[in-house]
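Just so you know, residue 1 is the first one in the sequence shown, and it goes up from there.
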Amino acid sequence: MYAIANDLRTPTLIELQMLLGVSARKHDYKRNRKSVSERKPRQAYSARQLDRLESEFQNDKYLSVNKRIQLSQTLNLTETQIKTWFQNRRTKWKKQLTSSIRQMCKEVPSTPVVPFPALLSQPNTSLATSLISSLNTSVSRQEESSSVIDNHE
């Protein structure tokens, strides 16, 4: 009996769920997905549509329901297409922002990006705003120091 007790291991999550009869899903329904042949083909946006969507995105990253309805009527797209385009564009924007912050950190490795006390002293400011502000300050300091070196040569 002792040898068997020592061989017991902690059950996995799936084993516990099966033992207790609990579903692994949050919900008991299965999403009904259309087959590939039943789906609409991928939307190819015209240059006019893209220009308008991009300009609206530059003005505001999130659309109100009324603005989405107006855009869908103006651009002859469905509201779902507008909503999906904005979701995808926000994802792309966040990736670009992250990439540019990483690139700036690589270019200025000796300068701390965001000092820890600065984050504590600005509780109402978002982390992204703090990062961008600190990066702008460090880049401008680097530009000033390089221009001083250029003037002395």
* Does any N or O in the side chain of Glu38 come within less than 3.5 Å of the main-chain N or O of Ser35, such that one atom is a donor and the other an acceptor? -> yes
* Asked: Within a radius of less than 6.0 Å around CZ of Arg102, do more than 12 heavy atoms belonging to other residues, nucleotides or ligands occur?
  -> no
* Give the cluster check for Trp93 versus Ile101: same hydrophobic cluster or not, with ILVMFWY residues linked at side-chain heavy-atom distances below 4.5 Å. => no
* **Rounded distance [0.5 Å steps], NZ in Lys94 versus OG1 in Thr98** => 9.5 Å
* State the CZ-OG1 distance between Arg89 and Thr91, to the nearest 0.5 angstrom. => 10.0 Å
* To do: Would you name the heavy atoms of Phe86 and Lys61 that are closest together and state the gap between them?
  => CD2-O, 3.7 Å
* **Heavy-atom closest contact (Tyr45 atom, Gln81 atom, distance)** => OH-O, 3.6 Å
* Structure fact -> Closest heavy-atom pair, Glu79 versus Ser72, reported as atoms and distance to 0.1 Å, is CG-OG, 3.7 Å
* Asked: Quick one: do Ile69 and Leu77 end up in the same hydrophobic cluster if we chain Ile, Leu, Val, Met, Phe, Trp and Tyr together by side-chain heavy atoms under 4.5 Å apart?
  -> no
* Asked: Do the side chains of Arg48 and Leu75 get nearer than 4.5 Å, heavy atoms only?
  -> yes
* Structure fact -> Interatomic distance, NZ@Lys92 vs CZ@Phe57, rounded to 0.5 Å, equals 9.5 Å
* Test item: Ser100 side-chain N/O and Gln96 main-chain N/O as donor-acceptor pair under 3.5 Å -> yes
* Checking side-chain contact (heavy atoms from CB on, under 4.5 Å) for the pair Glu54/Trp85: CA distance, chi angles, key distance, verdict? -> CA-CA 10 Å; Glu54 282 291 343; Trp85 187 91; 3.6 Å; yes
* Decide, yes or no, whether a salt bridge links Glu56 with Arg52 under the criterion of side-chain N to carboxylate O below 4.0 Å. => yes
* Enclosure of Asn59 CG (heavy-atom neighbours >12, cutoff 6.0 Å) -> yes
* Taking all non-hydrogen atoms of both residues, which atom of Arg68 and which atom of Ile82 are closest, and how far apart? -> CG-CG2, 3.7 Å
